[in-house]
Amino acid sequence: MAAWTAHDIPDQSGRTAVVTGANSGIGYVTARELARRGARVVLACRSEERGGAAVGRLLSEVPGAHAEFRALDLGDLASVRQFADAFDSARLDLLVNNAGVMALPYRRTADGFETQFGVNHLGHYALTGLLIPRLMETPGARVVTVSSGLHALANIDIGDLNSERNYRRWVAYGRSKTANLLFTHELARRLAATGADTVAAAAHPGYASTNLQSAGPRMEGRRGVERVMELGNRFIAQSAAGGALPTLYAATARGVRPDSFTGPGPLGWRGAPTRSWRAKWTRNDVAGERLWAASEGLTGVRYEGLKG
């Protein structure tokens with residue numbers, strides 16, 4: 001496993017994958033490498049302009065690839081429902097819940113949720129739930145949710161999921177990434193209870209050079225902080241291609257176990273994919289059930305055909 005690279009991705013011919021946030025960074029690399037191995041890939045992105053440009057770039061890098069853009073705004077549950085309703089593929093082998101935001105100033109989604117919790121967790125909870133029947137009908141399907149090593153910053157606060165009492169951007173980010181892992185844990189448990197062979201797993205990119213780090217400072221005009229983030233990306237972080245490897249491993253490698261957490265090793269911030277450390281609170285059954293119930297109530301999405 002330590003030497004696993006993109007060259008080890010098995011043949012994906014005949015498989016259909018949806019990758020959220022695939023217009024740049026690790027999402028784009030994930031989509032490109034899946035397409036390179038023969039998958040039909042749907043790049044699910046908020047911006048039609050950026051998503052269309054990403055498809056064009058992908059087709060130029062992988063001539064003959066099967067790739068398309070479809071609009072998806074994870075900060076708007078109406079958009080999530082529209083995406084799922086319009087998804088017309090007869091099968092769905094892989095859903096990569098990759099899109100996310102990091103350490104933003106306090107904002108709310110179209111549905112009134114704190115943006116990091118709303119986009120990073122609730123949007124993907126709703127999307128997965130709306131697509132779960134298609135996933136469960138496809139033999140050997142997988143759901144891979146991208147979390148972060150920074151989930152260790154904070155456990156969720158079930159009584160203040162939208163950080164209304166006290167908003168600290170990095171704590172809120174850590175909570176949203178903990179939510180990703182608790183979601184994976186509970187989804188894996190429910191799939192097993194139902195007898196489905198669908199695998200729910202998680203991954204994280206370590207410290208990878210993407211647009212995430214600079215988005216928050218740029219929104220507030222904090223040019224000094226933005227510059228520090230840019231320098232970190234240039235001199236410390238691994239490339240987006242390196243950061244995508246744990247996701248690609250979780251999505252395609254043989255023997256990936258339900259509720260596994262793959263990241264770069266050996267220190268967790270760069271290197272080949274390996275099993276990653278995770279905080280003990282991300283495997284708490286009671287917390288997983290409570291977050292699931294809260295997410296169901298907030299989004300109105302129930303998982304059809306899945307036992308509780």
Legend entry - Residue pairs, two or more places apart or on separate chains, that pass salt bridge (Lys or Arg N to Asp or Glu O under 4.0 Å) and touch residues 133-148: none
Inset, instruction - Would you name the heavy atoms of L58 and A35 that are closest together and state the gap between them? - result: CD2-CB, 3.9 Å
Inset, instruction - Say whether, by atom type as modelled, one donor and one acceptor occur between the side chain of K177 and the main chain of V146 under 3.5 angstrom. - result: yes
Inset, instruction - Using side chain to side chain donor-acceptor pair (under 3.5 Å) as the criterion, list what pairs up with S60, not counting sequence neighbours. - result: none
Inset, instruction - Could you give me the CA-CA distance, side-chain angles and deciding distance for R283 and D259, then say whether side chain to side chain contact (heavy atoms under 4.5 Å, CB included) is met? - result: CA-CA 9 Å; R283 294 188 186 273; D259 199 28; 3.0 Å; yes
Legend entry - M102 with L161, same ILVMFWY side-chain cluster at under 4.5 Å: no
Legend entry - Any L131 side-chain heavy atom under 4.5 Å of V143 side chain: no
Inset, instruction - Work out which heavy atom in A152 is nearest to a heavy atom in W277; give both atom names and the distance. - result: CB-CZ3, 3.8 Å
Legend entry - Student check: side-chain heavy atoms of R37 and H7 closer than 4.5 Å: yes
Inset, instruction - Using the rule that two of Ile, Leu, Val, Met, Phe, Trp, Tyr join whenever any of their side-chain heavy atoms come within less than 4.5 Å, decide whether F183 and I156 are in one cluster. - result: no
Inset, instruction - Working to the nearest 0.5 Å, report the span between OG1 of T30 and CD1 of I26. - result: 6.0 Å
Legend entry - Interatomic spacing from CZ in F117 to CG in N162 - rounded to 0.5 Å: 6.5 Å
Inset, instruction - Look at the side-chain heavy atoms of Ile, Leu, Val, Met, Phe, Trp and Tyr, link any pair under 4.5 Å apart, and say whether L95 and F83 land in one connected group. - result: yes
Legend entry - Summary of salt bridge (Lys or Arg N to Asp or Glu O under 4.0 Å) pairs that have at least one residue in residues 145-157, sequence neighbours excluded: D157-R165
Inset, instruction - Keeping the roles fixed (side chain from T178, backbone from A154), state whether a donor-acceptor pair exists under 3.5 Å. - result: yes
Legend entry - Donor-acceptor under 3.5 Å (D197 side chain, G140 main chain): yes
Legend entry - Side-chain (T194) to main-chain (A196) donor-acceptor, under 3.5 angstrom: no
Legend entry - Heavy-atom donor-acceptor pair, E289 side chain to E186 backbone, under 3.5 Å: no
Legend entry - Listed once per pair and sorted, the side-chain hydrogen bond (donor to acceptor under 3.5 Å, both in side chains) pairs that draw on residues 120-130, sequence neighbours left out: T20-H124, N97-T128, N120-S176, H121-S295
Legend entry - D8 CG to L248 CG distance, which is reported to the nearest 0.5 Å: 11.0 Å
Legend entry - Value rounded to 0.5 Å, distance of CD1 in I132 from CG in L306: 6.0 Å
Legend entry - Check against side chain to side chain contact (heavy atoms under 4.5 Å, CB included), I9 and W4: CA-CA 9 Å; I9 298 172; W4 198 91; 3.7 Å; yes
Inset, instruction - Say whether, by atom type as modelled, one donor and one acceptor occur between the side chain of T115 and the main chain of R107 under 3.5 angstrom. - result: yes
Legend entry - Check: D111 side chain, F113 main-chain N or O, donor-acceptor pair, under 3.5 Å: no
Inset, instruction - Answer yes if L181 and V256 sit in the same cluster of Ile, Leu, Val, Met, Phe, Trp and Tyr residues linked by side chain heavy atoms under 4.5 Å apart, and no otherwise. - result: no
Inset, instruction - Work out which heavy atom in P273 is nearest to a heavy atom in T262; give both atom names and the distance. - result: CB-CG2, 3.9 Å
Inset, instruction - Using the rule that two of Ile, Leu, Val, Met, Phe, Trp, Tyr join whenever any of their side-chain heavy atoms come within less than 4.5 Å, decide whether L74 and V301 are in one cluster. - result: yes
Inset, instruction - Give the C-alpha distance, both sets of side-chain angles, the deciding distance and a yes or no for side chain to side chain contact (heavy atoms under 4.5 Å, CB included) between R50 and C45. - result: CA-CA 8 Å; R50 293 193 293 272; C45 314; over 6 Å; no
Legend entry - Test item: F261 and T282 side chains (from C-beta on) under 4.5 Å apart, heavy atoms: no
Inset, instruction - With sequence neighbours left out, write down each residue that passes salt bridge (charged side-chain N to carboxylate O under 4.0 Å, His left out) with R32, or none if nothing qualifies. - result: E61
Inset, instruction - State whether the side chain of R81 and the backbone N or O of L130 hold a donor-acceptor pair below 3.5 Å, judged by distance alone. - result: no
Inset, instruction - Give a yes or no answer on whether the side chain of N23 reaches the backbone of A54 with a donor-acceptor pair at less than 3.5 Å. - result: no
Inset, instruction - Tell me, yes or no, whether the heavy-atom count around R257 atom CZ, taken from other residues, nucleotides or ligands under 6.0 Å, exceeds 12. - result: no
Legend entry - Atom of L245, atom of A6 and distance for their closest heavy-atom approach: CD2-N, 3.5 Å
Legend entry - Donor on one side chain, acceptor on other, S276 and H204, under 3.5 Å: yes
Inset, instruction - In plain terms, say whether E114 and R169 are close enough for a salt bridge, that is, a side-chain N and a carboxylate O under 4.0 Å apart. - result: no
Inset, instruction - Of all the heavy-atom pairs spanning V18 and A44, show the shortest one and how long it is. - result: CG1-CB, 4.2 Å
Legend entry - Six-ring centre of Y303, R190 cation under 6.0 angstrom, axis tolerance 45°: no
Legend entry - Distance-minimising heavy-atom pair for T274 and P264: CG2-C, 4.1 Å
Legend entry - Within 6.0 angstrom of R108 CZ, more than 12 heavy atoms from elsewhere: yes
Inset, instruction - Output the distance between atom CG (L182) and atom CH2 (W281), rounded to the nearest 0.5 Å. - result: 10.5 Å
Inset, instruction - Could you check L153 against V171 for side chain to side chain contact (heavy atoms under 4.5 Å, CB included), going step by step and ending with a plain yes or no? - result: CA-CA 6 Å; L153 290 174; V171 170; 5.8 Å; no
Inset, instruction - For residues 38-47, pull every pair meeting salt bridge (Lys or Arg N to Asp or Glu O under 4.0 Å), keeping only residues two or more places apart or in separate chains. - result: R40-E68
Inset, instruction - Give a yes or no answer on whether the side chain of H151 reaches the backbone of R278 with a donor-acceptor pair at less than 3.5 Å. - result: no
Legend entry - CG on L150 to OH on Y173, rounded to 0.5 Å: 6.0 Å
Legend entry - Within 6.0 Å of CZ in R290, more than 12 heavy atoms from elsewhere: no
